[in-house]
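As structure tokens, the structure follows; a few thoughts come after it.
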Amino acid sequence: MEFKVIKKPASINKNLVKWAVKASVLLFVFYMSFAILNQFVKINDKKEHLRSISAELEQQKTKNDELKKVYNATDEENEEYFVKKARELNMSKPKERIFVNR
């Protein structure tokens with residue numbers, strides 16, 4: 001009685017390895033595409049944040065310039081500024097009548 005050794009065809013293993021490599025490459029390409037798109041979204045968010053901070057900076061520079069003018073001005077020149085700030089705080093001059101239209 002003789003026993004024969006049956007070997008599996010080598011082509012099945014080779015095909016399986018080829019498909020595994022192709023699937024791995026395809027998954028890697030999808031992952032990298034997703035990662036790149038995610039980075040673009042983050043970049044756009046940061047650009048928008050930078051624009052808003054730049055606008056706030058310009059507003060603060062304007063306020064600083066106004067305060068520098070007040071600081072460097074004489075009392076007579078500052079009287080208008082003081083009156084304006086007092087009006088914002090709902091203050092009035094002595095014996096002054098304030099009428100409110102509603």
Indicate every side-chain donor-acceptor pair of residues 79-87 with a distance under 3.5 Å to a residue at least two apart or in another chain.
{"unit_1": "K85", "atom_1": "NZ", "unit_2": "E88", "atom_2": "OE1", "d": "3.4"}
{"unit_1": "R87", "atom_1": "NH1", "unit_2": "E96", "atom_2": "OE1", "d": "3.2"}
{"unit_1": "R87", "atom_1": "NH2", "unit_2": "E96", "atom_2": "OE1", "d": "3.3"}
{"unit_1": "R87", "atom_1": "NH2", "unit_2": "E96", "atom_2": "OE2", "d": "2.7"}

Show which side-chain atoms of residues 24-43 pair as donor or acceptor with protein atoms under 3.5 Å away, not counting sequence neighbours.
{"unit_1": "S24", "atom_1": "OG", "unit_2": "A20", "atom_2": "O", "d": "2.8"}
{"unit_1": "S33", "atom_1": "OG", "unit_2": "V29", "atom_2": "O", "d": "2.9"}

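Residues meeting the salt bridge (charged side-chain N to carboxylate O under 4.0 Å, His left out) test with R97, sequence neighbours left out: none. Applying the salt bridge (charged side-chain N to carboxylate O under 4.0 Å, His left out) rule to K69 yields no partners; only residues at least two apart in sequence or on another chain are considered. When the side-chain hydrogen bond (donor to acceptor under 3.5 Å, both in side chains) test is applied to E58, no partner is found at least two apart in sequence or on another chain. Residues satisfying the side-chain hydrogen bond (donor to acceptor under 3.5 Å, both in side chains) test with N44, not counting sequence neighbours, are none.
Separation of atoms OG (S54) and NZ (K47) is listed at 13.0 Å; rounding is to 0.5 Å. Atoms CD and CG, from E48 and D45 in turn, are 8.5 Å apart once rounded to the nearest 0.5 Å. Taken to the nearest 0.5 Å, the OG1 atom of T62 stands 7.5 Å off from the CD atom of Q59.
Between E66 and K63 there is no salt bridge, since no side-chain nitrogen of the basic residue lies less than 4.0 Å from a carboxylate oxygen of the acidic one.
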